[in-house]
Amino acid sequence: MTEHTRYVISVLSPDKVGILKKITSAIADLGGNIDGMSQTVVNHYFTVIIMAQFQAIYTHESIREMIRDSFDDDGVSVVVQNYQESELKREPKSTDRYILTLTGKDRPGILKTVTSYLADNEINIEDYYFTILGEQVTHIGELSVPVTIDIKQLQGELQTLVSA
């Protein structure tokens, strides 16, 4: 019987065309199957987190080196760790998914203010994007909101936070 091993792989690199091809090719060449991925570019830096399952057992170092060796430069960081599902399981809560879009004037601590408000209200951030253009800040996120929260009230309170 073949044992399957699942890993969490994270890569950070200066952005350029073809990075995902290099990473996914390295994982495929090791016989890995990618079953989850989130990737973005922030200020010309590429970052990705990948869940991958392998039929063979590899060391963290061998996976890291296979990915690292597919790049030509030294500006690449690769982190590999075991996926530990038992530590990540949470009590199931009744939530609905929402997309958050907030805009307002940038000020120091605005991201802390918004994320603190969300955490204090038991709202889980599933995905989040934050950017500043000039004096304007834009937040875009995917949230898991407890069904007990009044969405209209939540919308008003969040807009007040970024407008203050």
Side-chain angles (χ1 to χ4, degrees), residues 1-102 110-112 114-132 137-149 151 154 158:
M1 178 173 168
T2 305
E3 183 175 340
H4 295 273
T5 306
R6 195 167 186 209
Y7 296 97
V8 180
I9 303 165
S10 179
V11 180
L12 173 68
S13 171
D15 188 35
K16 59 183 157 188
V17 173
I19 294 174
L20 268 180
K21 176 186 175 190
K22 292 177 183 183
I23 296 166
T24 59
S25 294
I27 291 170
D29 289 349
L30 289 171
N33 181 43
I34 296 171
D35 57 8
M37 183 184 88
S38 181
Q39 179 267 317
T40 194
V41 175
V42 177
N43 289 333
H44 309 289
Y45 275 87
F46 166 98
T47 185
V48 66
I49 185 167
I50 294 173
M51 307 299 295
Q53 190 169 6
F54 296 83
Q55 289 187 10
I57 297 175
Y58 292 100
T59 65
H60 297 133
E61 186 62 23
S62 63
I63 296 169
R64 189 187 80 72
E65 285 304 313
M66 184 72 162
I67 294 169
R68 180 70 189 83
D69 287 349
S70 65
F71 289 85
D72 299 330
D73 54 29
D74 293 326
V76 177
S77 172
V78 179
V79 175
V80 178
Q81 65 184 55
N82 290 347
Y83 175 78
Q84 299 176 355
E85 185 174 354
S86 62
E87 291 182 13
L88 300 176
K89 286 186 178 178
R90 299 180 248 175
E91 278 294 313
K93 292 184 180 180
S94 187
T95 61
D96 289 323
R97 289 275 178 111
Y98 289 92
I99 301 300
L100 167 76
T101 303
L102 290 171
I110 187 63
L111 188 56
K112 176 187 174 193
V114 172
T115 58
S116 294
Y117 175 87
L118 295 173
D120 292 348
N121 285 280
E122 299 292 319
I123 297 170
N124 192 47
I125 299 169
E126 303 292 338
D127 194 22
Y128 207 86
Y129 174 79
F130 173 86
T131 188
I132 300 169
V137 61
T138 301
H139 305 251
I140 301 171
E142 183 178 354
L143 309 176
S144 289
V145 180
V147 295
T148 55
I149 291 181
I151 294 304
L154 174 65
L158 284 167

Q. What pairs meet the salt bridge (Lys or Arg N to Asp or Glu O under 4.0 Å) rule with one or both residues in residues 22-33, with sequence neighbours excluded?
A.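 Applying salt bridge (Lys or Arg N to Asp or Glu O under 4.0 Å) to every pair that reaches into residues 22-33, excluding sequence neighbours, yields nothing.
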Q.
Is a donor from one side chain sitting under 3.5 angstrom from an acceptor on the other, for Y128 and H139?
A.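 Side-chain D/A pair, Y128 to H139: present.
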**Q.** Step-by-step side chain to side chain contact (heavy atoms under 4.5 Å, CB included) determination, V114 to L102
**A.** CA-CA 10 Å; V114 172; L102 290 171; 4.3 Å; yes
Write down the atom of [X], the atom of [Y], and the distance for their closest heavy-atom approach.
X    : Y    : answer
S13  : F71  : OG-CE2, 4.3 Å
R97  : S144 : NE-OG, 3.1 Å
V80  : Y7   : CG1-CD2, 3.9 Å
E126 : N124 : OE2-ND2, 2.9 Å
P14  : G75  : CD-O, 3.1 Å
I27  : A52  : CG2-CB, 4.1 Å

[atom1]/[X] to [atom2]/[Y] distance, rounded to the nearest 0.5 angstrom?
X    : Y    : atom1 : atom2 : answer
T59  : R64  : OG1   : CZ    : 10.0 Å
I149 : I123 : CD1   : CD1   : 4.0 Å
L30  : S25  : CG    : OG    : 11.0 Å
L12  : I19  : CG    : CD1   : 9.5 Å
F54  : I34  : CZ    : CD1   : 8.0 Å
Y117 : L158 : OH    : CG    : 5.0 Å

Do [X] and [Y] come close enough that some side-chain heavy atom pair is under 4.5 Å?
X    : Y    : result
Y98  : D96  : yes
M37  : L20  : yes
V137 : F130 : yes
I9   : V79  : no
I125 : L143 : yes
Q39  : T47  : no

Q. Are T95 and V147 close enough, and set up right, to give a side chain to side chain contact (heavy atoms under 4.5 Å, CB included), and what steps lead you there?
A. CA-CA 5 Å; T95 61; V147 295; 5.5 Å; no
Q. Among N82, D35, N33, which residue meets the side-chain hydrogen bond (donor to acceptor under 3.5 Å, both in side chains) test with R6?
A. D35
Q: Go through the steps for R68 and E65 under the test salt bridge (Lys or Arg N to Asp or Glu O under 4.0 Å), then give the verdict.
A: CA-CA 5 Å; R68 180 70 189 83; E65 285 304 313; over 6 Å; no
